[in-house]
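Worksheet for the structure shown next.
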Amino acid sequence: MRKKTFSKILVAIHESSKSEEKAIDYATRIAKDYDAVLVVLYVVRAHVKIGTVTPSHVIDLKKQAQAHITKILEKIQKHGEKDITIKVKTEIIASIKIAGAIVDYARDKRIDLILVGPRGRSKLKSFVLGSVTSDVVRLANCPVLTVR
């Protein structure tokens with residue numbers, strides 16, 4: 001039996017944006033088409049200076065991330081037709097290096113396709129792709145689809 005082209009699809013979220021919504025939309029449609037598991041990975045940016053980050057600050061960031069993921073799950077469920085259910089897994093992780101965290105997660109969990117939006121907040125670092133997106137494209141060991 002041949003392996004499906006995509007059985008695990010990762011949509012990586014690290015900040016709220018219009019491109020994030022499009023990436024989620026595409027990921028949902030692809031997951032539906034391939035009957036794949038859709039993994040929504042939210043990466044919270046951790047700070048280098050640990051002294052400035054209190055445990056309560058981390059808890060607040062994770063609560064914000066969880067609230068955001070809840071909204072995303074509601075949107076994904078609206079995409080689902082009555083006879084098709086999309087298998088969704090959510091994960092929140094904190095990392096100093098967002099792109100590295102996405103790539104490592106994808107490798108560890110044997111993800112077949114990563115979807116990311118084209119740009120983040122740091123428009124100075126790269127004009128075409130955000131620095132996180134360009135790093136994910138460069139470092140990933142599976143196909144990466146950038147959605148704009």
Side-chain angles (χ1 to χ4, degrees), residues 1-48 50 53 55 57-122 125-126 128-148:
M1 192 171 122
R2 248 179 68 213
K3 184 181 180 285
K4 286 192 289 183
T5 308
F6 303 122
S7 59
K8 286 186 189 173
I9 297 169
L10 173 73
V11 62
I13 310 298
H14 59 94
E15 53 196 32
S16 185
S17 67
K18 286 276 182 234
S19 61
E20 170 200 292
E21 288 179 26
K22 287 185 180 176
I24 292 163
D25 185 47
Y26 270 92
T28 303
R29 285 191 269 160
I30 293 168
K32 204 186 302 182
D33 290 348
Y34 286 90
D35 190 29
V37 173
L38 176 59
V39 180
V40 179
L41 176 67
Y42 194 111
V43 185
V44 175
R45 187 182 297 275
H47 298 283
V48 182
I50 299 300
V53 179
H57 182 70
V58 172
I59 291 166
D60 288 346
L61 289 174
K62 288 216 172 190
K63 278 183 186 169
Q64 288 170 18
Q66 190 57 58
H68 192 71
I69 281 182
T70 302
K71 287 180 193 164
I72 290 168
L73 287 173
E74 287 167 7
K75 285 179 192 166
I76 290 170
Q77 294 313 319
K78 285 179 188 168
H79 274 274
E81 288 138 39
K82 287 183 179 123
D83 56 338
I84 301 170
T85 55
I86 300 166
K87 295 177 282 299
V88 182
K89 178 179 195 266
T90 62
E91 195 93 48
I92 301 169
I93 59 175
S95 180
I96 295 166
K97 295 186 176 178
I98 291 176
I102 293 167
V103 170
D104 290 346
Y105 183 92
R107 187 179 309 114
D108 294 346
K109 302 294 183 182
R110 293 188 167 86
I111 298 294
D112 302 306
L113 175 68
I114 300 171
L115 280 90
V116 287
R119 100 175 35 207
R121 291 188 191 118
S122 56
K125 284 189 179 177
S126 178
V128 181
L129 294 175
S131 60
V132 169
T133 301
S134 58
D135 287 349
V136 170
V137 169
R138 198 168 40 79
L139 300 169
N141 64 344
C142 67
V144 179
L145 177 61
T146 60
V147 182
R148 21 196 254 124

- Item | Interatomic distance, Y42 atom OH to I98 atom CD1 [nearest 0.5 angstrom] | 9.0 Å

- Might you work through the salt bridge (Lys or Arg N to Asp or Glu O under 4.0 Å) test for R138 and D135, ending with a clear yes or no? CA-CA 5 Å; R138 198 168 40 79; D135 287 349; 2.9 Å; yes

- Find the distance between CG (D35) and CD1 (I30) and round it off to the nearest 0.5 Å. 14.0 Å

- Task: Determine, step by step, whether R29 and D33 satisfy the salt bridge (Lys or Arg N to Asp or Glu O under 4.0 Å) criterion, reporting the C-alpha distance in whole Å, the side-chain angles of both residues, the deciding distance to 0.1 Å, and the verdict.
- Result: CA-CA 6 Å; R29 285 191 269 160; D33 290 348; over 6 Å; no

- Message: With a 4.5 Å cut-off on side-chain heavy atoms, are V132 and V116 touching?
- Response: no

- Item | Residue list, side-chain contact (heavy atoms from CB on, under 4.5 Å) with E91, at least two apart or on another chain | L41, K89, I93, Y105

- Item | Listed partners of R107 passing side-chain contact (heavy atoms from CB on, under 4.5 Å), at least two apart | V103, D104, N141

- Item | Closest heavy-atom pair and its distance - A106, L10 | CB-CD2, 4.2 Å

- Note on the structure: NE2 (H68) and OG1 (T90) are apart, to the nearest 0.5 Å, by 12.5 Å

- Message: Are Q64 and V44 packed together at the side-chain level, in the sense that at least one heavy-atom pair is separated by less than 4.5 angstrom?
- Response: no

- Interatomic spacing from CG in L38 to CD1 in I86 - rounded to 0.5 Å: 7.0 Å

- Task: Might you point out which heavy atoms bring V43 and A101 nearest each other, and give the distance in Å?
- Result: CG1-CB, 4.2 Å

- Item | Non-hydrogen side-chain atoms of I24 and V40 separated by less than 4.5 Å | no

- Message: So does K8 get a backbone contact from the side chain of D112, meaning a donor-acceptor N/O pair under 3.5 Å?
- Response: yes

- Note on the structure: Rounded to the nearest 0.5 Å, the NZ atom of K87 sits from the CD1 atom of I9 at a distance of 10.5 Å

- Item | Closest non-hydrogen atom pair between V144 and V137, with its separation | CG1-CG2, 3.9 Å

- Message: Working to the nearest 0.5 angstrom, can you tell me the gap between E74 CD and I72 CD1?
- Response: 10.5 Å

